[in-house]
Amino acid sequence: QVQLVESGGGLVQPGGSLRLSCAASGSIYVTYAMAWYRQAPGKQRELVAAITSGGRINYTDSVKGRFTISRDNAKNTVYLQMNNLKSEDTAVYYCGANIVDFSNRRDDYWGQGTQVTVSS
């Protein structure tokens with residue numbers, strides 16, 4: 001009953017920018033933390049950035065100063081502004097959210113992923 005849909009991925013040259021969006025919809029009572037993960041081929045999924053419902057933010061060291069996570073609670077949407085992109089940022093980016101639904105179940109939900117490719 002809960003769906004997360006990412007958008008905004010694509011191909012960009014090194015030094016370029018992209019803005020990812022993830023909208024949560026369905027039988028949502030409360031959305032707690034929302035986060036962006038990424039997984040490159042042959043590598044484990046890693047946390048990129050996370051933001052709580054209260055606005056507390058954490059970034060992985062490799063993106064600090066370049067990426068900005070934000071959320072719009074009215075739209076139930078989380079964003080990831082990615083600037084000065086590097087080739088090592090190439091990965092499938094996944095949106096995740098911790099959500100309580102109308103049946104009072106608290107669980108983690110995932111989007112389908114959006115491809116980000118940084119290449120010349």
Side-chain angles (χ1 to χ4, degrees):
Q1 297 186 39
V2 175
Q3 183 181 30
L4 273 61
V5 179
E6 302 104 329
S7 63
L11 175 65
V12 65
Q13 293 185 335
S17 298
L18 286 172
R19 190 189 192 207
L20 306 183
S21 299
C22 171
S25 61
S27 57
I28 298 170
Y29 179 63
V30 177
T31 300
Y32 290 113
M34 303 186 80
W36 289 97
Y37 290 77
R38 66 186 180 188
Q39 188 166 23
K43 306 189 79 173
Q44 294 184 206
R45 182 177 296 189
E46 67 169 340
L47 176 67
V48 178
I51 183 169
T52 70
S53 58
R56 184 178 180 182
I57 293 171
N58 290 111
Y59 298 101
T60 191
D61 286 343
S62 63
V63 308
K64 288 180 179 177
R66 300 189 297 120
F67 291 11
T68 302
I69 190 171
S70 61
R71 64 190 288 172
D72 185 333
N73 291 330
K75 296 180 179 180
N76 236 333
T77 299
V78 63
Y79 306 93
L80 186 67
Q81 178 67 46
M82 304 185 293
N83 297 327
N84 192 25
L85 283 160
K86 304 175 180 180
S87 60
E88 54 262 41
D89 296 318
T90 295
V92 177
Y93 284 69
Y94 296 91
C95 174
N98 189 250
I99 291 172
V100 178
D101 66 14
F102 289 152
S103 298
N104 296 314
R105 293 181 301 176
R106 183 168 181 171
D107 205 354
D108 294 325
Y109 296 86
W110 297 92
Q112 80 288 351
T114 185
Q115 176 71 48
V116 172
T117 302
V118 185
S119 177
S120 299

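Residue numbers start at 1 and run along the sequence shown.
Considering every non-hydrogen atom in both A91 and Q115, the closest pair reads O-NE2, 3.4 Å. The minimum heavy-atom distance between G113 and E6, with the atom names listed, is N-OE1, 2.9 Å.
Annotation: the span from M34 atom CE to D72 atom CG amounts to 10.0 Å, rounded to 0.5 Å. Separation of atoms OG (S120) and CG (L11) is listed at 9.5 Å; rounding is to 0.5 Å. In this structure, CG in L80 is found 7.5 Å from OH in Y93, a value given to the nearest 0.5 Å. Annotation: the span from C22 atom SG to W110 atom CH2 amounts to 10.5 Å, rounded to 0.5 Å. L18 contributes atom CG, which lies 8.5 Å from atom CD of Q81 (distance to the nearest 0.5 angstrom). The OH atom of Y109 lies 10.0 Å from the OG1 atom of T31; values are rounded to the nearest 0.5 Å.
A salt bridge links K64 with D61; the closest basic N to acidic carboxylate O contact falls under 4.0 Å.
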Original post:
Does the side chain to side chain contact (heavy atoms under 4.5 Å, CB included) test come out yes or no for T68 and Y79, once each step is laid out?
Top reply: CA-CA 8 Å; T68 302; Y79 306 93; over 6 Å; no
Subject >> Residue pair K86, V118: steps toward the side chain to side chain contact (heavy atoms under 4.5 Å, CB included) verdict >> reply: CA-CA 6 Å; K86 304 175 180 180; V118 185; 5.6 Å; no
**OP:** Evaluate the criterion side chain to side chain contact (heavy atoms under 4.5 Å, CB included) for residue pair R71 and I51; output intermediate values, then yes/no.
**Re:** CA-CA 8 Å; R71 64 190 288 172; I51 183 169; 3.9 Å; yes
Subject >> Criterion side chain to side chain contact (heavy atoms under 4.5 Å, CB included) on M82 and R66, from CA distance to verdict >> reply: CA-CA 6 Å; M82 304 185 293; R66 300 189 297 120; over 6 Å; no
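Using a 4.5 Å cut-off between side-chain heavy atoms of Ile, Leu, Val, Met, Phe, Trp and Tyr, with links allowed through other members, L20 and F67 fall into the same hydrophobic cluster. Follow the hydrophobic side-chain contacts under 4.5 Å out from V92 and you never reach W36; the two are in separate clusters. When the side chains of ILVMFWY residues are joined at heavy-atom separations under 4.5 Å, either directly or via intervening members, V78 and V5 end up in two distinct hydrophobic clusters. Hydrophobic clustering keeps V30 apart from V2 (ILVMFWY residues linked when any side-chain heavy atoms are closer than 4.5 Å, directly or through intermediates). A continuous path of hydrophobic side-chain contacts links I69 to V116 [ILVMFWY only; heavy atoms under 4.5 Å].
Counting heavy atoms from C-beta on, the side chains of S7 and T114 never come closer than 4.5 Å. Considering only heavy atoms from C-beta on, S87 stays 4.5 Å or farther from P14 through its side chain.
Between Y29 and F102, the ring-plane angle classifies as perpendicular under the 30° and 60° cut-offs.
Side chains of R56 and N58: no donor on one and acceptor on the other come within 3.5 Å.
Remark: the backbone N or O of G54 is paired with a side-chain donor or acceptor of T52 at under 3.5 angstrom.
The environment of R45 atom CZ is dense: over 12 non-hydrogen atoms of other residues, nucleotides or ligands sit within 6.0 angstrom. Counting non-hydrogen atoms of neighbouring residues, nucleotides and ligands closer than 6.0 angstrom, the CD atom of Q39 exceeds 12 such neighbours.
Sorted by first and then second residue, the disulfide bond (SG atoms under 2.5 Å apart) pairs with a member in residues 46-78 form an empty list; sequence neighbours excluded.
Among L4, I28, I99, the one residue that satisfies the side chain to side chain contact (heavy atoms under 4.5 Å, CB included) test with N76 is I28.
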